[in-house]
> 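One structure, as structure tokens, below. Some questions next.
Treat the numbers as computed from the prediction; the structure is a model and nothing was measured. The figures that follow rest on heavy atoms only: side chains count, while hydrogens, waters and symmetry mates do not. Order of the sequence lines fixes the chain letters, A, B, ..., with proteins taken first and strands second; residue numbering starts at 1 for each chain.
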Number of protein chains: 2
Amino acid sequence: MATGRTHRPATRSRGIPEATVARLPLYLRALTALSERSVPTVSSEELAAAAGVNSAKLRKDFSYLGSYGTRGVGYDVEYLVYQISRELGLTQDWPVVIVGIGNLGAALANYGGFASRGFRVAALIDADPAMAGKPVAGIPVQHTDELEKIIEDNGVSIGVIATPAGAAQQVCDRLVAGGVTSILNFAPTVLSVPDGVDVRKVDLSIELQILAFHEQRKAGEETAAGDGARPAATTRDASADQGPDGDVPAVMPA
Amino acid sequence: MATGRTHRPATRSRGIPEATVARLPLYLRALTALSERSVPTVSSEELAAAAGVNSAKLRKDFSYLGSYGTRGVGYDVEYLVYQISRELGLTQDWPVVIVGIGNLGAALANYGGFASRGFRVAALIDADPAMAGKPVAGIPVQHTDELEKIIEDNGVSIGVIATPAGAAQQVCDRLVAGGVTSILNFAPTVLSVPDGVDVRKVDLSIELQILAFHEQRKAGEETAAGDGARPAATTRDASADQGPDGDVPAVMPA
DNA sequence: AACTGTGAAGATCTTCACAGCA
DNA sequence: TGCTGTGAAGATCTTCACAGTT
């Protein structure tokens, strides 16, 4: 399956469902916004609306973390921010390397959501010697030759692959050999990794194809169905699913 | 929920489960690769390995499309490519507009996976007047003022938002007003859209946070658990989940 | 009265395991 | 014999609905 390996019986480490883990960042984002507006407390209803989920789901999700709310009142914003951050492991520093500094790699390097969430771009790496030394987002690009050394020196455990598909597996192998155990893959390839290594993939092409599928259905329904059951608005999150038994491949631009 | 609207009772338009739809692009990619190597047929086992899923799941997925395989033999590659393409609506032309031509927008514009899958970048749009006329990926950037006109003139029904979070909702509203009914959102915001409009979101920050969660667990387990149940390799697809009742928010860089 | 926390029901998705066809 | 197609079991996720707490 997946990348050619076995998967854990259930990713639900310590009982938190994978689907819940995938939503914690959403709650965190909404809570952070409230925190910046100095809102002291929120009800599950309000927070759910801000995060784009329904309140029952949110309460159930939080129940896996513990009883952090107050009946009749709601949740303390600051406290929840802390609890969720801790749960996600964001209270510690996560040095990250980005490999492949094309437009996408540059976009990622410039992404502000990093630092604020405990992530730190330890290095930008590209195979093109001409890129070496060139600063992107204020960080000088380093050559692929330095990969292993950089990983070790910085204690990097998370790597981002933004290279063309052809180079992805090779880069992946080197990241893993160097000690990286979590990979975010933007290349349109199914990566093969050994046990113990997590891979998440993001693929623009796939997202568009899924949209096209539904778009096509809409066009069809117009002619058919009178009006009884019309398609309703839908918002899907490209992060949720990724099942606990991992079995889905990766993808995307470069 | 989601963007503040209701969702269809079940996105399973015409009976195809949402989870299956999310995997069709993966199969298509694997099949295309086989096709290019002139491989005539594949077994569910082989194709599943190439796509990174297990074979039972793949066979079940295909069973929703119809009986396209031959017992004792496998699936005809070309035939399957056609059937899946048709099912996804990729046999038709999908003009797409990309709004927000920063690094990410440029990366998307340059993404080759577009054209080969029926998608055509009809226009690149940016709010910065200085960008107007500047060619990106061979296509001249146009100013936001032209948005509605472009959508109408090209019959665009799919829009990609790659703007900063602050501009996303406004851009979204204009896209919808112009007639777009499917949106791929890269901005870290929960978009509010009327019924009938689909939104999918991709958020780098969220993906990293999910990785961090598991990474943290790994570190913990090392000290604990002897070796009985060690975490195994996992590959998650950031596209799968997006449930049929849509309820997940969006996110990402700009 | 307001709102959380959660058992239980329902829906969806995955995996098994084997009948059935080439 | 080999491999697909699928009913049925199992696992996970979502939603309901209300008891419990402030």
> Using whole Å, what does the distance between atom C1' of nucleotide D:dT4 and atom CG of B:Leu47 come to?
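Those two atoms, CG and C1', are 13 Å apart.
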> State whether A:Glu87 and B:Arg217 are salt-bridged, where the test is any N-O pair (Lys NZ or Arg NE/NH1/NH2 against Asp/Glu carboxylate O) under 4.0 Å.
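Yes, A:Glu87 and B:Arg217 are salt-bridged.
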> Starting from P on C:dT14, measure out to CG on B:Asp61 and report it in whole angstrom.
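So the CG-P distance, B:Asp61 to C:dT14, works out to 7 Å.
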> For A:Glu45 and C:dA2, what is the distance between atoms CD and P respectively, to the nearest whole Å?
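Answer to the nearest Å: 13 Å.
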> Without decimals, in angstroms, what is the distance between B:Glu18 CD and C:dA11 P?
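Distance, rounded to whole Å: 18 Å.
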> Strictly below 4.0 Å: does A:Ser44 bring a side-chain N or O up to OP1 or OP2 of C:dT4?
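Checking A:Ser44 against C:dT4: at least one side-chain N or O falls below 4.0 Å of OP1 or OP2.
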> To the nearest Å, give me how far apart NZ (B:Lys57) and P (D:dA8) are.
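Computing the B:Lys57:NZ to D:dA8:P distance gives 22 Å.
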> With nearest nucleotide decided by heavy atoms, which residue, A:Ala56 or B:Lys60, maps closer to the 5′ end of DNA chain C?
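Comparing both residues, the 5'-ward one is A:Ala56.
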> Is the shortest side-chain heavy-atom distance between B:Ile210 and A:Leu24 below 4.5 Å?
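With C-beta onward as the side chain, the pair stays apart.
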> Are A:Tyr75 and A:Phe62 an aromatic pair by the rule of ring centers under 6.0 Å?
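Yes, the ring of A:Tyr75 comes within the 6.0 Å limit of the ring of A:Phe62, centre to centre.
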> Send over the distance from B:Arg59 CZ to D:dC3 C1', rounded to a whole Å.
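Between C1' of D:dC3 and CZ of B:Arg59: 8 Å.
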> Counting only N and O atoms by type, is there a donor-acceptor contact under 3.5 Å from the side chain of A:Gln169 to the main-chain atoms of A:Ser192?
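Here the side-chain-to-backbone pair exists.
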> Where the side chain of A:Ser63 is defined as all heavy atoms beyond and including C-beta, which of C:dA19, C:dT6, C:dC13 is the nearest nucleotide?
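In terms of side-chain proximity for A:Ser63, the closest of C:dA19, C:dT6, C:dC13 is C:dT6.
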> With nearest nucleotide decided by heavy atoms, which residue, A:Val73 or B:Phe62, maps closer to the 5′ end of DNA chain D?
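The residue mapped nearer the 5' terminus is B:Phe62.
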> At 4.0 Å (heavy atoms only), tell me whether B:Tyr75 reaches a base, stays on the sugar-phosphate, or touches nothing.
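Touches sugar-phosphate only.
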> Please tell me which of the listed nucleotides, C:dC13, C:dA22, C:dT14, lies nearest to the side chain of B:Pro17?
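Output: C:dC13.
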> Between B:Asn185 (side chain) and B:Thr189 (backbone), is there a donor-acceptor pair under 3.5 Å?
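Flag set: sc B:Asn185 to bb B:Thr189 pair under 3.5 Å.
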> Among D:dA17, C:dC21, C:dC13, which is the nearest nucleotide to the side chain of B:Arg71?
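When the side chain of B:Arg71 is considered, C:dC21 is the closest of D:dA17, C:dC21, C:dC13.
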> Within this structure, what is the CD-to-P distance between B:Glu46 and D:dC3, rounded to whole angstrom?
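B:Glu46 atom CD is separated from D:dC3 atom P by 8 Å.
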> Using atom CD1 of B:Ile16 as one end and atom P of C:dC13 as the other, report the distance to the nearest whole Å.
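Distance check: B:Ile16 CD1 to C:dC13 P gives 12 Å.
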